[in-house]
Amino acid sequence: MEEELKRLLGLVELKREQATRYPHQLSGGELQRAVIARAIALEPALLICDEPTSMLDVSTQASIVHLLKKLQQDISCALLFITHDKGLARVVGDRTAVMFAGQIVEEGRGVLDRPYHPFTRRLTSSPDSDSLLSSEPRGTKVSGSCVYYQFCPEKTEKCLLSPEMKEYKDRRVRCHNVSHA
Ligand code: SF4
């Protein structure tokens, strides 16, 4: 038991003495390390990290991202990193999946650098993701249509039917226009 605790603390770079503290006695970064230690105790094949750095300052964010990338190698687990931060997504992601209204619209490598889907292109060209949708005019929602239909400047009649995810070049894209390009 003590050996396992020592191993886990070593993996997340916490000191033995820090394991005896209460949560309110730890900093934000230390708390995240403790949470990560608990998550990897079961030796998962996949670690799902939902906005793991959103409450941290920039330098602590960098150290947690570095730790997660290191753990990926050390314990051979896959990371699913969920974030609204495009800069962070560029740094951590080997493959990127872009979601709109609960659907993945584009997935693959280099998605944020060479976007094909209209929403991903809009997302990557906007400096502020949060104001992106609120600033767009909303059209009428059409049942069964493409999930981006209300907002898309490139929509055509065929977009009234929801597109399927299709292979396109080095990735998968959910758009009638892209898959037929
Ligand atoms: S399927 Fe049509 S509405 Fe949907 S993203 Fe593509 S062009 Fe736009």
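Both ligands and their constituent atoms are indexed starting at 1 by order of listing.
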Practice task
Mind telling me whether Y22 and H24 have parallel, tilted or perpendicular rings, with 30° and 60° as the class edges?
Solution key: parallel
Problem - Side-chain donor or acceptor of E106 paired with backbone N/O of V98 under 3.5 Å - result: no
Exercise for the section: For D85 and T83, test the side chains for any donor-to-acceptor distance below 3.5 angstrom and give the result as yes or no. Expected result: no
Practice task
List every atom of ligand 1 that sits less than 4.0 Å from any heavy atom of P118, numbering the atoms from 1 in the order shown and giving each element.
Solution key: 5 (S)
Exercise for the section: Could you tell me how the ring of Y168 sits relative to the ring of Y116: parallel (under 30°), tilted (30 to 60°) or perpendicular (over 60°)? Expected result: perpendicular
Practice task
Can you sort out which atoms of ligand 1 are near H117, meaning under 4.0 Å from one of its heavy atoms?
Solution key: 5 (S)
Problem - Close approach of K158 to ligand 1, heavy atoms, under 4.0 angstrom - result: no
Problem - Protein heavy-atom partner closest to atom 4 (Fe) of ligand 1 - residue, atom, separation in Å - result: C146 SG, 2.3 Å
Problem - SB check E2 R16 (cutoff 4.0 Å) - result: yes
Practice task
For salt bridge (charged side-chain N to carboxylate O under 4.0 Å, His left out), just list the numbers for E4 and R7, CA-CA rounded to whole Å, side-chain angles, deciding distance to a tenth of an Å, and then say yes or no.
Solution key: CA-CA 5 Å; E4 178 61 1; R7 184 183 76 85; 2.9 Å; yes
Exercise for the section: Using a 4.0 Å heavy-atom cut-off, say whether C175 meets ligand 1 through its side chain, its backbone, both or neither. Expected result: both
Handout entry: N, O or S from C152 under 2.8 Å to atom 8 (Fe) of ligand 1
Key = yes
Exercise for the section: Starting from atom 7 (S) of ligand 1, locate the nearest protein heavy atom and write down its residue, its atom name and how far away it is, to 0.1 Å. Expected result: N177 ND2, 3.3 Å
Exercise for the section: Kindly work out whether a path of hydrophobic side-chain contacts (I/L/V/M/F/W/Y, heavy atoms less than 4.5 Å apart) joins V147 to I104. Expected result: no
Handout entry: Numbering as shown, the atoms of ligand 1 that approach K155 to under 4.0 Å (heavy-atom distance)
Key = 3 (S)
Completion exercise
min-distance protein heavy atom vs atom 2 (Fe) of ligand 1 -> C159 SG, 2.2 Å
Problem - Protein contact of atom 1 (S) of ligand 1 - nearest heavy atom, named by residue and atom, plus distance - result: H176 N, 3.4 Å
